[in-house]
Chemist: 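I'd like to ask you about the structure that follows.
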Amino acid sequence: MNKRWRNVGLYVLAVITVIFIGTSVFDKPSTESSTKILRYSDFIEAVQDKEISRVLISPDNATAQVIENDGSRSEVNLAPDKDLLKILTENNVDIAVTPTKLANPWQQAVSSLIFPVLLIGGLFFLFRRSQNGNAGGGNPAMSFGKSKARLQMEPSTQVTFSDVAGVEGAKLELTEVVDFLKSPDRFTAVGAKIPKGVLLVGPPGTGKTLLAKAVAGEAGVPFFSISGSEFVEMFVGVGASRVRDLFEQAKKNAPCIVFIDEIDAVGRQRGAGMGGGNDEREQTLNQLLTEMDGFEGNSGIIIVAATNRPDVLDSALMRPGRFDRQVTVDRPDYAGRLQILNVHAKDKTLSKDVDLDKVARRTPGFTGADLANLLNEAAILAARKDLDKVSNDEVGDAIERVMAGPEKKDRVISDKKKELVAYHEAGHALVGALMPDYDPVAKVSIIPRGQAGGLTFFTPSEERMESGLYSRSYLQNQMAVALGGRVAEEIVYGEEEVTTGASNDLQQVANVARQMITKFGMSDKIGPVALGQSQGGMFLGRDMSSTRDFSEDTAATIDVEVSELVDVAYKRATKVLSDNRSVLDEMAQMLIERETIDTEDIQDLLNRSEVVVANYI
Ligand code: ADP
Ligand code: ZN
């Protein structure tokens, strides 16, 4: 989902860049002395009379070139008017920022590529994720010119709690906030302090924005939203003043909800970050804290913020009277996924063979956004096929699309490559199928998808996913399965012929082995201790400098243990596949012929073959 959006974002930026190159070539700021200077008030009047088609603002916001409908140009000295953008937008004036003048044309050319993206992207163009995961229609180039407001205000969101599914706990906690907003008097009468800030914590796409909107919708109050990254990506000093603006607006419209997405972009621990602090961000954060302290909870403004990284937030944000409530919004479990699917299936015509229950079972780990996206993709596939209903086939395809990106059916593949990929995937699948205590194979495909030449899908067990508990034997099997592809290549083509196609697999194996030893205490030599502090991903800021908390000796032991684990897994995979070479051949043949095979095909194959199931442990 996120990746998708990033792509759309890039696309939009690309469009902006193209436009900008256009403008920088044709509308180069003229330096001739004959330029007419407009008075600011006349300029505004002309805008309101719709006589102006385009305005090129200087990077320092001091002057602008004005292009009238008839093409004539003039210049205006801009007054510090914060309504200017609004007025321009309302009157359909196309807005752009001119690049700073540079010495040589080459620099100018380069800068016209870089500057506009930064400046326009930051200043006037606010790329908001559309609510339902659609591109939101409209021409991206248009929305650029018409400069969206940075602060989004929805007088009434029309979203209710019934639109948000599978996050019952979070809804329950937020019901209280709705009550506060609806009848604050009831609470103030008995001296209860109304909370000012609620922090929603959870991975992207789990419905945090949707929940915040639902709170506003349920309470019938306006919804303001801004993203933390929009506070800080700008010119110096803008972040803090935006925070002031935001609260000014909110106070005027109280009671209301103010939603700050990605609060970690502003709220990261002060003093963290590489190369010293980021003054701009700290000023913004300080302003936010000041504003939050400055209004009484009873003013009717409730700030809802969202983050995926509560651990990096500055502790000052969590003090009483600020974001003192935290609500966790997790990935939905099976029941939650089913509810979410039902919500999003409402506006789609599904044929009877679509079993949402099965879909919910097949999609552990999916977020609400993934599920919404899945059904939407399925509907698009159905429309492309000219069907009047979405059938099971499209839903199945959509699940895989969401997991691994669209198939690249038209990519030309040589027969040799095809055979190699077939053996590689069959290797994964066969090791997986023959290992006791491993997830069942759902599907094997040699149609390229995303970066992958082929894919083997397993159905992860819900229990394992939910509990997060993986047994040692499961992890050992996982390593063997991941090595299965490479091993099959070796067995069939010889060690000299192996390809780089397994690099992902090898990475995965190494990760699993290292975690088993340093995190899960599954090494006899090292014992049940957790080593190394930063187990999460690396982020700018705090984790960057995390140090190793073990000795060189231990490090060496870990390396030995890792390679031992990998070695054992490698031997097991080799044994399974060489014991069952004929089954491997047959599976590869099936793949070459049909390109995809599923659980039943594999079961058939195993039933009719002489399978050797030795004790592979
Ligand atoms: P977040 O703010 O957590 O990144 P969003 O609220 O933006 O996630 O979710 C994006 C979209 O995904 C929503 O507009 C909605 O269509 C869908 N969605 C996400 N979570 C849920 C949910 N719990 N119930 C229903 N739809 C959901
Ligand atoms: Zn592989």
Side-chain angles (χ1 to χ4, degrees), residues 1-2 4-5 128-134 136 157-171 174 200-215 223 225 227-228 259-263 304-308 327-333 335-347 366-376 402 404 420-432 444-446 449 451-458 479-489 498-509 573:
M1 181 79 191
N2 273 331
R4 262 175 84 81
W5 277 111
R128 286 216 46 88
R129 289 205 261 159
S130 81
Q131 209 226 93
N132 53 11
N134 285 318
T157 62
Q158 310 290 345
V159 178
T160 66
F161 277 144
S162 65
D163 297 315
V164 198
V167 283
E168 298 312 313
K171 276 203 259 184
L174 291 169
L200 302 179
V201 178
T206 46
K208 297 182 294 297
T209 311
L210 197 63
L211 269 169
K213 283 191 176 172
V215 171
F223 177 81
S225 74
S227 162
F259 178 67
I260 307 179
D261 204 356
E262 302 175 69
I263 182 105
V304 180
T307 182
N308 188 21
V327 175
T328 306
V329 189
D330 245 330
R331 284 173 203 275
D333 58 7
R337 291 197 299 276
L338 184 56
Q339 284 171 29
I340 296 173
L341 285 167
N342 275 315
V343 166
H344 288 278
K346 258 187 225 145
D347 58 353
F366 274 44
T367 62
D370 293 332
L371 294 168
N373 189 14
L374 185 168
L375 287 182
N376 193 46
V402 174
L420 185 121
V421 175
Y423 269 107
H424 181 102
E425 296 308 326
H428 286 307
L430 195 55
V431 177
V444 192
S445 163
I446 58 165
R449 232 180 233 282
Q451 296 295 312
L455 283 169
T456 303
F457 295 89
F458 292 88
M479 289 190 288
V481 171
L483 287 170
R486 170 59 161 280
V487 169
E489 287 182 43
V498 293
T499 66
T500 53
S503 61
N504 245 339
D505 301 338
L506 300 182
Q507 193 97 44
Q508 196 198 339
V509 175

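Scope of the values below: all heavy atoms of this structure, side chains included, with no hydrogens, waters or symmetry mates. First listed ligand is number 1; within each ligand, the first listed atom is number 1. Everything numeric here is computed off the predicted structure, so don't read it as measured data.
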Chemist: If you count the atoms of ligand 1 from 1 in the order shown, which ones are under 4.0 Å from a heavy atom of A165?
Modeler: 22 (C), 23 (N), 24 (N), 25 (C)
Chemist: Among G207, A212, G368, which one has a heavy atom closest to atom 8 (O) of ligand 1?
Modeler: G207
Chemist: Do T206 and V167 make a side-chain contact, defined as non-hydrogen atoms from C-beta onward lying under 4.5 Å apart?
Modeler: no
Chemist: Going from OG1 on T160 to NZ on K213, what distance comes out if it is rounded to the nearest 0.5 angstrom?
Modeler: 13.0 Å
Chemist: Which N/O/S atom belongs to H424 and is the closest one to the Zn ion (ligand 2)?
Modeler: NE2
Chemist: How long is the gap from CG on D330 to OG1 on T367, to the nearest 0.5 Å?
Modeler: 11.5 Å
Chemist: CG of L341 to CZ of F366: how many Å apart, nearest 0.5 Å?
Modeler: 9.5 Å
Chemist: Counting each atom of ligand 1 from 1 as listed, which ones have a heavy atom of P204 under 4.0 Å away?
Modeler: 4 (O)
Chemist: Which atom name does H428 have for its N/O/S atom nearest to the Zn ion (ligand 2)?
Modeler: NE2
Chemist: Considering only heavy atoms, does I340 approach ligand 1 within less than 4.0 Å through its side chain, its backbone, both, or neither?
Modeler: side chain
Chemist: Check whether any N or O atom of K208, backbone or side chain, sits under 3.5 Å from an N or O atom of ligand 1, and answer yes or no.
Modeler: yes
Chemist: How long is the gap from CE on M479 to CG on D505, to the nearest 0.5 Å?
Modeler: 13.5 Å
Chemist: Does A369 offer a backbone N or O that forms a donor-acceptor pair with the side chain of N373 under 3.5 Å?
Modeler: no
Chemist: Heavy atom of Q339 under 4.0 Å from ligand 1?
Modeler: no
Chemist: Tell me the contacting part of L371 for ligand 1: side chain, backbone, both, or neither, using a 4.0 Å heavy-atom threshold, strictly below.
Modeler: neither
Chemist: Pull out every atom of ligand 1 sitting under 4.0 Å from any heavy atom of D163, numbered as shown with elements.
Modeler: 24 (N), 25 (C)
Chemist: Show your working on salt bridge (charged side-chain N to carboxylate O under 4.0 Å, His left out) between R486 and E489 and close with a plain yes or no.
Modeler: CA-CA 5 Å; R486 170 59 161 280; E489 287 182 43; 5.7 Å; no
Chemist: Do the non-hydrogen side-chain atoms of L211 and V329 ever get within less than 4.5 Å of each other?
Modeler: yes
Chemist: Does G166 come within less than 4.0 Å of ligand 1, judged by its heavy atoms?
Modeler: no
Chemist: Out of N342, L375, L210, whose heavy atom sits nearest atom 27 (C) of ligand 1?
Modeler: L210
Chemist: Please verify whether a non-hydrogen atom of A306 lies at under 4.0 Å from ligand 1.
Modeler: no
Chemist: May I ask you to check whether E425 brings an N, O or S atom to under 2.8 Å from the Zn ion (ligand 2)?
Modeler: no
Chemist: Taking distance alone, with N or O pairs closer than 3.5 Å, would you say G205 contacts ligand 1?
Modeler: yes
Chemist: By atom name, which N, O or S atom belonging to D505 lies closest to the Zn ion (ligand 2)?
Modeler: OD2
Chemist: Determine whether a donor-acceptor pair (N or O, by modelled atom type, separation under 3.5 Å) exists between the side chain of K208 and the backbone of A305.
Modeler: no
Chemist: Would you say the side chain of V343 lies within less than 4.5 Å of the side chain of L371, judging by non-hydrogen atoms?
Modeler: no
